[in-house]
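First up is the structure itself, then whatever we jot down about it.
In this text, all values refer to a predicted model and were calculated from it rather than measured experimentally.
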Amino acid sequence: MLHSVIASGTTFVQHTTPYETIIGNFLALEEDEKALKSEMTELLNDANHGQQVTPEIKASLLAYINNPHPYFNKPEYNQAALKVLFTALNNYEELLNATVIAAKRALLQFQTTLIEVKLVKAEDFEIDTLAAIAS
């Protein structure tokens, strides 16, 4: 998952790191970040995820997607841009988890319906069979 790649690829911000390494690390994440922004945009536009997209999640993902600010300006990190990044990563993961839970819930409801239909048919069969045996 791209959000995990980016999250693990940014752990260096928690440590003292030479400027060149910081710049190189962020450059290495650019393609993954573009792909993640594309995934987030698709997810926000997908009607199947509408119920799971809270206003807070939508705002944070859009802020990240539209964030033009660099994460690093010598000699320090851009804390506001990093906050947008990490908030979006957390909310994206929350959205994915909520979507999986909703899909599992829908599947369980569907399976329950199938079981109920099967039980009704089984009861009908038993009644018909008993009636045929009795006559």
Side-chain angles (χ1 to χ4, degrees):
M1 299 260 198
L2 287 171
H3 70 285
S4 297
V5 170
I6 293 172
S8 64
T10 54
T11 56
F12 67 90
V13 301
Q14 301 170 14
H15 309 284
T16 302
T17 310
Y19 296 147
E20 295 76 24
T21 304
I22 294 170
I23 293 167
N25 288 345
F26 280 124
L27 287 174
L29 292 173
E30 277 185 358
E31 290 304 313
D32 289 332
E33 200 171 13
K34 285 179 189 175
L36 179 62
K37 287 181 179 185
S38 177
E39 274 187 18
M40 287 179 174
T41 301
E42 287 178 29
L43 193 67
L44 288 174
N45 293 327
D46 186 344
N48 294 323
H49 303 284
Q51 292 180 333
Q52 288 77 36
V53 179
T54 65
E56 176 188 324
I57 288 175
K58 184 175 183 175
S60 74
L61 297 185
L62 289 174
Y64 171 67
I65 291 166
N66 299 316
N67 184 14
H69 304 293
Y71 300 117
F72 182 71
N73 294 319
K74 278 187 185 178
E76 58 191 33
Y77 290 106
N78 180 341
Q79 295 300 325
L82 287 174
K83 182 177 181 180
V84 167
L85 167 68
F86 293 125
T87 300
L89 290 176
N90 289 334
N91 284 330
Y92 184 66
E93 186 171 10
E94 180 182 327
L95 176 57
L96 292 178
N97 289 337
T99 300
V100 168
I101 289 169
K104 285 182 179 181
R105 184 176 296 121
L107 176 61
L108 288 172
Q109 289 171 343
F110 176 70
Q111 288 174 330
T112 301
T113 303
L114 291 176
I115 290 169
E116 288 170 355
V117 168
K118 186 176 180 179
L119 289 174
V120 167
K121 287 184 179 182
E123 288 173 4
D124 290 344
F125 175 76
E126 289 174 11
I127 291 170
D128 293 343
T129 305
L130 293 174
I133 293 172
S135 51

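- In this structure, the salt bridge (charged side-chain N to carboxylate O under 4.0 Å, His left out) partners of E31, at least two apart in sequence or on a different chain, are K34.
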Please list every donor-acceptor pair under 3.5 Å in which a side-chain atom of residues 13-29 meets a protein atom from a residue at least two apart or in another chain.
from: T17; atom 1: OG1; to: F12; atom 2: O; distance (Å): 3.3
from: T17; atom 1: OG1; to: H15; atom 2: O; distance (Å): 3.1
from: N25; atom 1: ND2; to: T21; atom 2: O; distance (Å): 3.3

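- From L114, atom CG reaches atom CD of Q111 across 7.5 Å, with rounding to the nearest 0.5 Å.
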Side-chain donor-acceptor pairs of residues 75-89 under 3.5 Å, sequence neighbours excluded:
from: N78; atom 1: OD1; to: A80; atom 2: N; distance (Å): 3.3
from: N78; atom 1: OD1; to: A81; atom 2: N; distance (Å): 3.2
from: N78; atom 1: ND2; to: P70; atom 2: O; distance (Å): 3.1
from: T87; atom 1: OG1; to: K83; atom 2: O; distance (Å): 2.7

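- Two residues are said to be in side-chain contact when any heavy atoms from C-beta on lie closer than 4.5 Å; L43 and Y92 meet this criterion.
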Sequence neighbours left out, cut at 3.5 Å: what donor-acceptor pairs do the side chains of residues 95-104 make with other protein atoms?
from: N97; atom 1: ND2; to: E93; atom 2: O; distance (Å): 3.4
from: T99; atom 1: OG1; to: H49; atom 2: ND1; distance (Å): 3.1
from: T99; atom 1: OG1; to: L95; atom 2: O; distance (Å): 2.8

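- The one candidate from I57, L44, T41 that meets the side chain to side chain contact (heavy atoms under 4.5 Å, CB included) condition with L62 is L44.
- Sorted by first and then second residue, the side chain to side chain donor-acceptor pair (under 3.5 Å) pairs with a member in residues 58-68 read E33-Y64, S60-N91; sequence neighbours excluded.
- Scanning for side chain to side chain contact (heavy atoms under 4.5 Å, CB included) contacts around S38 gives E42, with sequence neighbours left out.
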